[in-house]
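Everything numeric here is computed off the predicted structure, so don't read it as measured data. A note on names: the letters A, B, ... follow the listed sequences, proteins ahead of strands, and every chain is numbered from 1.
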Number of protein chains: 2
Amino acid sequence: MDEKLALATFGALSNATRLRIVRYLVSAGTSGRPAGEIAQAVGATPSRASFHLTALADTGLVAAERQSRTITYRIDFLAIGELARFLLEDCCQNNETARSCCS
Amino acid sequence: MDEKLALATFGALSNATRLRIVRYLVSAGTSGRPAGEIAQAVGATPSRASFHLTALADTGLVAAERQSRTITYRIDFLAIGELARFLLEDCCQNNETARSCCS
DNA sequence: CTTTCATTTCAATGATTCTTGAAGTATCAC
DNA sequence: GTGATACTTCAAGAATCATTGAAATGAAAG
């Protein structure tokens with residue numbers, strides 16, 4: 001993960017609505033959830049949810065897949081892992097204190 | 001780490017100048033660096049650096065300590081570790097794919 | 001006590017991001 | 001075809017965030 005993407009990904013996670021979406025999609029697992037259901041789950045209008053889903057998709061944190069009328073969004077666990085790796089390895093130079101938190 | 005702090009911390013890391021400061025302070029290790037030196041290292045005016053250092057300190061990513069005229073800023077490795085933990089455990093429910101990136 | 005040095009704070013401006021509601025696109029069912 | 005459903009896009013305004021340069025603070029030194 002390059003620095004530019006890391007900055008954008010941190011930005012994506014710094015919004016309450018988007019973080020709620022991420023958590024909801026994590027709980028949904030690999031099957032994902034349709035946009036409308038996500039909007040309802042996080043208490044956002046369809047338009048607002050779409051705005052934030054697009055922002056998340058732009059960073060690769062979620063992937064979108066159209067199935068006829070519905071668009072399914074799915075969390076990308078690898079993208080989150082890569083962000084954690086960026087934080088601990090690239091940024092923190094593998095500092096032991098930092099790493100010890102999630103081992 | 002609660003969600004509110006996590007949001008603020010992601011926000012703190014989503015700015016290029018602040019990320020440069022974090023990386024510079026990581027390379028400085030536990031002794032930290034004075035504000036002026038940080039400003040110079042990241043190519044920011046004193047005022048701009050101060051603004052971003054305050055933002056970082058507000059989230060606990062760095063700690064400030066005054067020594068007579070100079071103010072030393074130090075990275076808090078634990079805070080970064082806690083953010084990584086939030087990401088992998090709280091957000092990702094310990095998903096193995098996410099965890100595998102930094103093990 | 002004045003000056004200098006290191007740094008912060010302030011106010012103004014500019015830039016980015018978020019929200020809202022309306023209009024648009026795509027797909028299905030009739 | 002028309003109508004309904006699922007979702008996105010757009011434009012306008014509101015809110016938040018970043019940059020700048022000037023003024024203020026706090027601490028040492030002469």
Side-chain angles (χ1 to χ4, degrees), chain A residues 3-25 28 31-75 83, chain B residues 3-25 28 31-75 83:
Chain A
E3 176 163 324
K4 201 176 158 197
L5 177 57
L7 282 168
T9 310
F10 284 133
L13 292 173
S14 72
N15 172 278
T17 301
R18 285 195 295 266
L19 191 56
R20 293 196 70 188
I21 291 176
V22 165
R23 298 181 105 147
Y24 181 65
L25 287 179
S31 59
R33 286 282 184 274
E37 198 176 310
I38 298 168
Q40 199 165 17
V42 307
T45 62
S47 146
R48 187 149 77 96
S50 178
F51 171 80
H52 289 300
L53 283 166
T54 300
L56 288 169
D58 283 349
T59 68
L61 279 171
V62 307
E65 187 191 354
R66 172 153 230 147
Q67 282 129 352
S68 78
R69 272 188 296 194
T70 83
I71 300 182
T72 294
Y73 286 91
R74 210 182 315 280
I75 195 79
L83 186 66
Chain B
E3 176 163 324
K4 201 176 157 197
L5 178 57
L7 282 168
T9 309
F10 284 132
L13 292 173
S14 73
N15 172 278
T17 302
R18 285 195 293 266
L19 191 57
R20 293 196 68 187
I21 291 176
V22 164
R23 298 182 106 145
Y24 181 66
L25 287 180
S31 59
R33 286 284 183 271
E37 198 176 310
I38 298 168
Q40 200 165 15
V42 306
T45 62
S47 146
R48 186 148 78 98
S50 178
F51 171 80
H52 289 299
L53 282 166
T54 300
L56 288 169
D58 283 350
T59 69
L61 279 171
V62 308
E65 187 190 354
R66 172 152 230 149
Q67 282 129 352
S68 79
R69 273 189 295 198
T70 84
I71 300 183
T72 294
Y73 285 90
R74 210 181 315 280
I75 195 80
L83 187 65

Can you tell me how far apart [atom1] ([X]) and [atom2] ([Y]) are? Round to the nearest 0.5 Å.
X	Y	atom1	atom2	value
A:Ile75	A:Tyr24	CD1	OH	12.5 Å
B:Leu13	B:Ile21	CG	CD1	11.0 Å
A:Leu25	A:Glu37	CG	CD	10.0 Å
B:Leu53	B:Leu61	CG	CG	11.5 Å
B:Leu56	B:Arg18	CG	CZ	6.5 Å
A:Thr70	A:Glu65	OG1	CD	9.0 Å

Check whether more than 12 heavy atoms from other residues, nucleotides or ligands sit under 6.0 Å from atom CD of A:Gln40, and answer yes or no. no
May I ask you to decide if A:Gly11's main-chain N or O and A:Ser14's side chain share a donor-acceptor pair within less than 3.5 Å? yes
N/O donor-acceptor pair under 3.5 Å between A:Arg66 side chain and A:Ser68 backbone: yes
So which atom in B:Arg33 and which in B:Ala28 form the shortest heavy-atom distance, rounded to 0.1 Å? CG-CB, 3.6 Å
Sequence neighbours left out, what passes side chain to side chain donor-acceptor pair (under 3.5 Å) with B:Thr72? Give chain and number order. B:Gln67
Could you identify which residues of residues 4-21 of chain B place a heavy atom less than 4.0 Å from some atom of DNA chain C, listed by residue number, or say none? none
Opening and closing nucleotides of DNA chain C in contact with chain B, under 4.0 Å to non-hydrogen atoms: C:dT4 to C:dT9
Return the residues of residues 66-73 of chain A meeting this criterion: a heavy atom under 4.0 Å from some atom of DNA chain D. Order them by number, or give none. A:Arg69, A:Thr70, A:Ile71, A:Tyr73
Side chain to side chain contact (heavy atoms under 4.5 Å, CB included) against A:Ala64, all qualifying residues, sequence neighbours excluded: A:Ile71, A:Tyr73
Please list, pair by pair, any protein nitrogen or oxygen found under 3.5 Å from a nitrogen or oxygen in nucleotides 9-14 of chain D.
residue	atom	partner	partner atom	Å
D:dT9	O4	A:Ser47	OG	3.3

Give a yes/no answer on whether the side chain of B:His52 brings an N or O atom under 4.0 Å of OP1 or OP2 in D:dT19. yes
